[in-house]
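Note sheet for the following structure.
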Amino acid sequence: MARRNKILVPEARNGLDQLKAKVVHSGSPAEAKFEAAEEVGVPLKRGYNGKLTSEQAGKVGGRLGGSMVRELVKMAQENLTKKQ
């Protein structure tokens, strides 16, 4: 079973999914992790991926998570600049 991080504000799920798609330049949030995996050379496929190493899985998660955090920080900085 896939583990999903618990979102503190469930209403934010759609926005986070859209952000995930945006940071990997994907048309669909469902395809974002596969495109990120392809970019870093990880053989991620639909279904069971138990043969991936933790390093490979971390490359995909790190690519997505790191890019999402950078984009959120950028958005926050822009909002602060607008308020001043």
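Along the sequence shown, the residues carry numbers beginning at 1. Fair warning: this is a prediction, and the values are worked out from it, not measured in the lab.
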Pairwise distance OG(Ser26) to CD(Glu39) - rounded to 0.5 angstrom:
9.5 Å
Side chain to side chain contact (heavy atoms under 4.5 Å, CB included) with Met68: which of Leu19, Val24, Val73?
Leu19
Asn49 side chain to Gly47 backbone, donor-acceptor under 3.5 Å:
yes
Can you check whether Lys45 reaches Phe34 side chain to side chain, under 4.5 Å on heavy atoms?
no
Return the CG to NZ distance between Leu16 and Lys22, rounded to the nearest 0.5 Å.
12.5 Å
Residue pair Lys20 / Pro29: nearest heavy atoms and the distance that separates them
CD-O, 4.2 Å
So, for Ala32 and Leu64, which heavy atoms are closest and what is the spacing to 0.1 Å?
O-CD2, 4.3 Å
Which pair of non-hydrogen atoms, one from Ala21 and one from Ser28, has the smallest distance, and what is that distance?
CB-C, 3.9 Å
More than 12 heavy atoms of other groups within 6.0 Å of Glu55 CD
no
Any side-chain heavy-atom pair from Pro43 and Gln56 closer than 4.5 angstrom?
yes
Near Glu31 CD, under 6.0 Å, is it more than 12 heavy atoms from other residues, nucleotides or ligands?
yes
Are Val69 and Val40 linked, directly or through intermediate hydrophobic residues, by side-chain heavy-atom contacts shorter than 4.5 Å (ILVMFWY only)?
no
Distance (rounded to the nearest 0.5 Å) between Leu72 CG and Lys74 NZ
11.0 Å
